[in-house]
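Some notes on the structure that comes next.
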Amino acid sequence: MTTNVLISPTYEFYLNGEWKESQSGQTIDIKSPYLHEIIGKVQAITKEEVDEAICSAHKAQKKWAETSLQQRASYLYKWADELVNMQDEIAEVIMQEVGKSLKDSKNEVVRTADFIRYTVEEALHMHGESMKGDSFPGGSKSKVAIIERVPLGVVLAIPPFNYPVNLAAAKLAPALISGNAVIFKPATQGSISGIKMIEALHKAEFPKGLVNIVTGRGSVIGDYLVEHKGIDMISFTGGTNTGVRLAKKAGMIPLVLELGGKDPGIVREDADLEKAAQQIISGAFSYSGQRCTAIKRVLVHVNVADELVGILKEEIEKLSVGSPEEGSTVVPLIDDQSADFVQGLIDDAIEKGATVVTGNKRDRNLIYPTLLDQVTEDMRIAWEEPFGPALPVIRVSSDEEAIKIANKSEFGLQASVFTKDINKAFSIANKMETGSVQINGRTERGPDHFPFIGVKGSGMGAQGIHKSIESMTREKVTVLNLTD
Ligand SMILES: NC(=O)c1ccc[n+]([C@@H]2O[C@H](COP(=O)([O-])OP(=O)(O)OC[C@H]3O[C@@H](n4cnc5c(N)ncnc54)[C@H](O)[C@@H]3O)[C@@H](O)[C@H]2O)c1
């Protein structure tokens with residue numbers, strides 16, 4: 001296929017309330033994962049421009065923090081409205097840039113507007129507290145502490161490619177409503193979607209400098225941003241290796257990390273297998289498994305394994321595979337390296353004795369949905385996150401064995417337990433070393449106001465609307481020493 005360089009638009013970055021070309025004179029090509037064409041170019045900005053962005057954010061933040069919560073709310077509501085107005089345009093860009101179906105891309109934009117509105121409403125209902133000194137031995141009633149939450153300053157928001165609008169706004173909205181400014185560094189593949197989201201924010205006429213979008217090469221601005229003295233908090237979502245590296249560089253500033261996962265779907269002997277299979281398939285294969293909370297391994301009781309694998313095979317073979325423009329469930333992966341990585345995991349498993357139940361077919365970066373049975377602990381796919389449509393089935397002979405394998409993972413994002421026995425479900429859930437456990441449902445992030453937590457290699461801190469607001473503010477105590 002020829003590369004369509006000529007008609008691809010060049011996007012500017014957003015600095016101090018204005019759209020600008022970088023002084024570097026350089027741009028980065030953004031190639032569509034399914035059109036295999038360059039769909040646009042974004043600015044490769046310089047370190048000096050990063051400095052300018054952070055400086056303008058600090059200036060704007062001071063005034064912003066002084067505005068009333070109601071004033072800040074009105075800007076955010078307007079932003080949500082503008083996103084809804086632009087939903088068709090933004091969804092088209094998400095589809096082309098990250099290869100997500102148009103329906104899911106539109107859902108992402110609408111969900112983002114809902115997220116922003118809920119965030120505002122949550123903040124409007126969060127209150128400080130006060131306490132008197134006399135509850136501590138020797139303390140006095142005349143000492144009164146007023147405890148309020150105050151913003152941290154300038155928040156660096158780094159989302160991944162897979163939800164380029166939703167996961168970005170999940171950082172921007174709580175930061176802004178609570179009085180912070182934001183430096184938004186989108187994933188390179190996801191930059192145009194991020195820019196479109198900021199176009200909506202620009203239309204809402206936020207104060208200049210409050211939000212800046214910085215696009216550029218990781219090698220030039222990535223570490224520079226993370227180590228910058230002007231950054232007061234980092235909210236990062238992405239791979240575990242990137243997150244750990246970033247945490248080491250960030251030093252002593254507050255960090256929230258949402259990282260990779262290897263969510264197990266535990267299927268007990270007494271589970272409703274049809275229902276479990278339906279949840280596992282949508283959990284594992286929607287958007288080709290490019291979701292942090294995708295089900296990434298099945299731990300099934302050996303007595304029902306053949307039956308479950310039979311149902312899974314039948315249903316997987318019905319999945320639509322192809323272009324996101326046709327609304328396919330399984331679409332080309334974000335790039336060729338990602339497809340090579342998934343293929344490497346499949347090949348390793350086959351070499352070590354796994355059975356291919358269905359799939360193991362590839363067309364460039366499109367990997368057909370692949371189910372591998374008889375997967376054992378010596379295979380990479382038992383432990384590594386494919387971020388693609390390849391699902392391993394590990395047969396177990398007891399709950400204890402399922403729990404042991406589930407917890408042996410370096411990750412701890414979510415887990416699903418499928419069973420008709422609610423007591424067993426709770427008992428397994430209690431032993432799971434994950435942030436959340438889903439009983440009889442697929443692993444997933446939403447609804448967005450639930451706390452969302454990764455433990456072990458899956459993250460640090462918590463998101464979810466209320467928790468995100470807390471993570472982007474700190475408590476400030478003012479003590480009144482009354483004389484009467
Ligand atoms: N836990 C969650 O909530 C969650 C949600 C979605 C995705 N993820 C994870 O994200 C991964 C896939 O996303 P990805 O491929 O975009 O991840 P990634 O780690 O490659 O990139 C994430 C972000 O970090 C940026 N980045 C890379 N190097 C950097 C550096 N040196 N300094 C600053 N920023 C840098 C990237 O540009 C991108 O914006 C998967 O592992 C998935 O599980 C986690």
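Read the numbers this way: they start at 1 and go in the same order the structure lists the ligands and their atoms.
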Using a 4.0 Å cutoff against the non-hydrogen atoms of A187, which atoms of ligand 1 qualify? 37 (O), 38 (C), 39 (O)

So which bit of L167 gets within less than 4.0 Å of ligand 1, heavy atoms only: side chain, backbone, both or neither? side chain

Residues 289-300 side chain polar contacts: donor-acceptor under 3.5 Å, at least two apart:
residue, atom, partner, partner atom, Å
Q290, OE1, I334, N, 3.1
R291, NH1, G283, O, 2.9
R291, NH2, T293, OG1, 3.2
R291, NH2, T443, O, 3.2
K296, NZ, R291, O, 3.0
K296, NZ, C292, O, 2.8
K296, NZ, E385, OE2, 2.8
R297, NE, K262, O, 2.8
R297, NH1, I405, O, 3.1
R297, NH2, K262, O, 3.2
R297, NH2, A406, O, 3.0

Does the cation-pi check pass for K185 over F236, that is, NZ or CZ under 6.0 Å from the six-membered ring centre and within 45° of its axis? no

Relative to each other, are the rings of F387 and F161 parallel, tilted or perpendicular (30° and 60° limits)? perpendicular

Angle class for the H202/W19 ring planes (parallel below 30°, perpendicular above 60°, tilted otherwise)? perpendicular

Ligand 1 contacted by P159 (non-hydrogen, < 4.0 Å): yes

Answer yes or no for atom 1 (N) of ligand 1: protein heavy atom present at a distance under 4.0 Å? yes

Find all atoms of ligand 1 within a distance of less than 4.0 Å from any non-hydrogen atom belonging to F236, and give their numbers and elements. 22 (C), 23 (C), 24 (O)

Option nearest atom 19 (O) of ligand 1 (shortest heavy-atom distance, choices T188, T242, L259, V98): T242

One finds that the ligand 1 atoms under 4.0 Å from a non-hydrogen atom of I158 are 23 (C), 24 (O), 25 (C), 33 (C), 34 (N), 39 (O)

Which residue owns the protein heavy atom closest to atom 12 (C) of ligand 1, what's the atom, and how far is it? F387 CE2, 3.5 Å

Using a 4.0 Å cut-off to any heavy atom of R445, which atoms of ligand 1 qualify? 3 (O)

To which protein heavy atom is atom 5 (C) of ligand 1 closest, and what is the distance rounded to 0.1 Å? C292 SG, 3.0 Å

May I ask you to identify the nearest protein heavy atom to atom 43 (O) of ligand 1, giving residue, atom name and distance to one decimal place in Å? E385 OE2, 2.6 Å

At a 4.0 Å cut-off, with the gap strictly under it, does some heavy atom of F452 reach an atom of ligand 1? yes

Consider every N or O of T237 and every N or O of ligand 1, then say whether any pair is closer than 3.5 Å. no

Once you measure the plane-to-plane angle for Y75 and F206, does it fall in the parallel (<30°), tilted (30-60°) or perpendicular (>60°) bin? tilted

Mind checking what makes ring pair (Phe, Tyr, Trp, His ring centres under 6.0 Å) contact with F411, not counting sequence neighbours? none

Do me a favour and list the nearest non-hydrogen protein atom to atom 9 (C) of ligand 1 with residue, atom name and distance? G238 O, 3.2 Å

Q463 near ligand 1 by a heavy-atom separation under 4.0 Å: no

Counting each atom of ligand 1 from 1 as listed, which ones have a heavy atom of E258 under 4.0 Å away? 1 (N), 2 (C), 3 (O), 44 (C)

Of K248, K47, K249, R245, which is the lone residue that meets salt bridge (charged side-chain N to carboxylate O under 4.0 Å, His left out) with E227? K249

Does the pair K31 and E37 meet the rule for a side chain to side chain contact (heavy atoms under 4.5 Å, CB included), with working shown? CA-CA 5 Å; K31 201 170 164 189; E37 289 178 9; 5.8 Å; no

Kindly confirm or rule out an N or O of D223 lying under 3.5 angstrom from an N or O of ligand 1. yes

Run the numbers for me: atoms of ligand 1, each under 4.0 Å from some heavy atom of P186, listed by number. 39 (O)

Residue N162 vicinity, atoms of ligand 1 by number, heavy atom under 4.0 Å: 6 (C), 7 (C)

